[in-house]
Each structure stands twice: as C-alpha cells, then as structure tokens.
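Report on the following structure.
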Amino acid sequence: MTISDTYLKRERSFAGIFLFIISFTIARTIRHASIDYCGGPCRVVLYPPESPWAPDVYRVGVNTVTRWINILFHFKDATISNAMIDFVSTFLGLTILCYLAVEGLSTLRETIAARIATLGLFLAFIQFPIGFIYYQGRGETLPTVLFVAVALLCLSKGKDKSSSGSLWMLLLIAATAAHSFFRADVPFILGIATILLSLIPGALADLGSLSGNLFRGAGVTLISGAIQAYLKWVRFPNAHYGSEHAIVLKFNLNGTPLSLLALCLLPFLWMAVLVVRQRIRLTSVELLILAASAIYLPIWFTVGMVTEVRIFVPFLLALCVVAARVSASYLLSKNILTSPDAI
C-alpha cells in the first residue's frame, strides 16, 4: 500500500513537535538545576594541567564548546550555553533515532499501521531513559546521545562505495574525533562492537562488505583511543581520582545499585524476550546497538557508578530504536493493532 505524502508530512510534523517539546523541557530543567547548584549564574571552568580531576578533565570538550558559545554570543552565564548544547543535542539525536526506528530500520515501514506503531512505541520507550536525564544529566550526556545517533546513521548510510558513502564515512570520522573530547569511551566501544560483529558472517551484511565494516570500526576505535591516550598521558598526565577509586565494582554489588540496574534495564528485557521467543530477525544496525550495549554494560558496572544511570543513557536511548521496532513487529504479527477484536 502506498502511503500518501500528506500522511508522511503530518507524521513527521507530529514527531518533530513532540521531540521539540521534550528537548526544550530537558534543556530548561537541567539549566535550572545548574543554577540551583551554583547558587546563581555559573562560569566556565577550564581545568589546569597541574591539578586536574579525573575523569572530568577527559570531558574537556564540554567546557571548551561552552566557552566558545559564551564568546560568540557574549553570554556571561554558562548555563545558557549549556542549555543550547543540550537542546540541540537532544533534538537532533532523538530525531535521528526516530528516523532510524520508523524509516531507516523498520522492515514494515510500507504500512501506515506499522509506522504508527513504531513511532508511538519509540516515543513511549524514550520516556524511560529521559527520566534519568532530568536529575542526573551532565554536560557530556546529551552530546553523547547525538554522537551515537549520528554514528549509527553514518554506518547505515555509508555502505555505498560512491561519493555519498565516502561523505558518510568522513562524517563518522569527524564526529568520532570531535566527540572523543567529550567522552572517548562510547565511540571506542562502538568501534569495538563494529569490529567484532564484522567477524560474524552476515551480521553486518546490511552495512556493506567485511573490509568496509572492519575499516570503519577500526577507524572509530583508533581515533577515540588515540585522543583518550593524548588526554590521559600528554594533556593531563597528573589526572587523579582523589580519594575515589577507578574500580567501583564492590560498591555496585550492593543491593541498591543492583536494583537500580534492574530497573533501568527492565523495559528492554521485554524486547529480549520477544526476540528470543518470536525469533524476530534483527537488522545489522539493531545488532550493532545490542552488541555495543552488551559490551559497555559490564564496563559501566566495573568502573562507573551504577547509580549514575546517565552514563548508560546514550545506549538506553539507542536501545529504544530496537525495542520499538521489535515490539511493533510483534503486535502486528499478532494482529493486535489491526484486528477489530483488539479494541
């Protein structure tokens, strides 16, 4: 069935307005929380190499971009610049993820029922990770969401050997290099996941050839790893954690962190059950999302506080793409959305 252009315009307008409101609310909420924390307008702090505090110094890109915006627009309050970064990152990141869910990945996108189900479920699923951003968001959280979305889009579009494929590859490399000054761990893990899945026959067939996938994965891994090495051993060689420890596995094994971990993963356990029981075929990008999330999860559990769910939020939002498509496929296969008896 052919979907009319009028319907597509209305669908995209609805999604755009919905995501705009969410993005504005997140940026506004985080800004007010920052003002309350600072007791008024905040200034930009650039960490000196002499006494840096790890791992905050490895997020040097956040303060650098904030300072540039302050200079460009003559702002004296850093919370305004941070709010602009959060709004743009959230809106663009969620828009790209929404596109991947409804247009880029869904094998059922040719029907209106499938599009409505996938879009509605995506907008519903993202409310769960967003809830953790409101009271845990930091300067690098939402730009990381944007990076993950852009990287997935580049990988899904860059399989062609034409000039357009090369442009997507260049965008992926540029995004990786820029974002590694915000958080180098996420692109590094995404690159590792791409390399590992490339070695499994057919896993990334939708993304191009074996050599192409290995090249993209290795490029992302090497660039992010090199920048992190520069920040750690060249730019900030004296970075320290103070009285804290880099390994916090013992703390995370307590009851409260474990219960919070189960809570943040609960909606996606439903997705896993559907994939296994219904044998739903996943696309290459969906497999990449699951692989990167699975690799990052034990790392987060070992070196990051599980109570700080914001660390894992970029992957949780990416998982919403998979959860929406899988859930929509299940509901449509059971005629739950199209049968009159379902009402």
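All of these numbers come straight from a predicted model, not from anything done at the bench. For reference, positions follow the sequence shown, starting with 1.
Inter-residue side-chain proximity for Ile116 and Tyr7 is flagged as met; some heavy-atom pair is nearer than 4.5 Å. Put simply, the side chain of Thr221 does not reach to within 4.5 Å of the side chain of Ile189, judged on heavy atoms. At a threshold of 4.5 Å between non-hydrogen side-chain atoms, the residues Arg183 and Pro314 count as touching. When side chains are defined from C-beta on, Ile30 counts as touching Leu142, because their heavy atoms get closer than 4.5 Å. Counting heavy atoms from C-beta outward, Ile133 and Val313 have side chains that approach closer than 4.5 Å. Using a 4.5 Å heavy-atom cutoff, the side chains of Phe312 and Tyr296 are in contact. When side chains are defined from C-beta on, Leu261 counts as touching Leu297, because their heavy atoms get closer than 4.5 Å. Looking at heavy atoms from C-beta onward, Phe181 lies out of side-chain contact with Arg59 at the 4.5 angstrom threshold.
In this structure, Thr302 and Asn252 approach most closely via the heavy-atom pair N-ND2, 4.5 Å. The two atoms that bring Leu121 and Ser327 nearest to each other are CD1-CB, 3.7 Å, heavy atoms only. Nearest heavy-atom pair, Ser284 versus Ala203, reported as atom, atom and distance to 0.1 Å: OG-O, 3.0 Å. Scanning both residues, Glu140 and Phe182, for their nearest heavy atoms gives CB-O, 3.9 Å.
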Worked check of side-chain hydrogen bond (donor to acceptor under 3.5 Å, both in side chains) between Thr141 and Arg310 | CA-CA 7 Å; Thr141 302; Arg310 61 172 178 78; 4.5 Å; no
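Phe20 and Phe24 have parallel rings, their planes meeting at less than 30° on a 0 to 90° scale where 60° marks the start of perpendicular.
With no hydrogens or angles considered, no side-chain donor-acceptor pair links Arg67 and Asn70 at under 3.5 Å. Defined by atom type and a distance below 3.5 Å, a donor-acceptor pair is missing between the side-chain atoms of Thr118 and Arg325. Inspection of the Tyr58 and Asp185 side chains reveals no N or O donor paired with an N or O acceptor under 3.5 Å.
Salt bridge status for Glu286 with Arg281: absent, with no side-chain N to carboxylate O gap under 4.0 Å. Salt bridge status for Glu308 with Arg138: absent, with no side-chain N to carboxylate O gap under 4.0 Å. In this structure, Arg10 does not pair ionically with Asp5, as no charged nitrogen and carboxylate oxygen lie closer than 4.0 Å.
Panel note: side chain Trp300, backbone Met305; a donor-acceptor pair is recorded below 3.5 Å. The main-chain N or O of Thr194 is never found under 3.5 Å from a side-chain atom of Asn213 such that the two would form a donor-acceptor pair.
More than 12 heavy atoms of other residues, nucleotides or ligands shown are found within 6.0 angstrom of CZ on Phe75.
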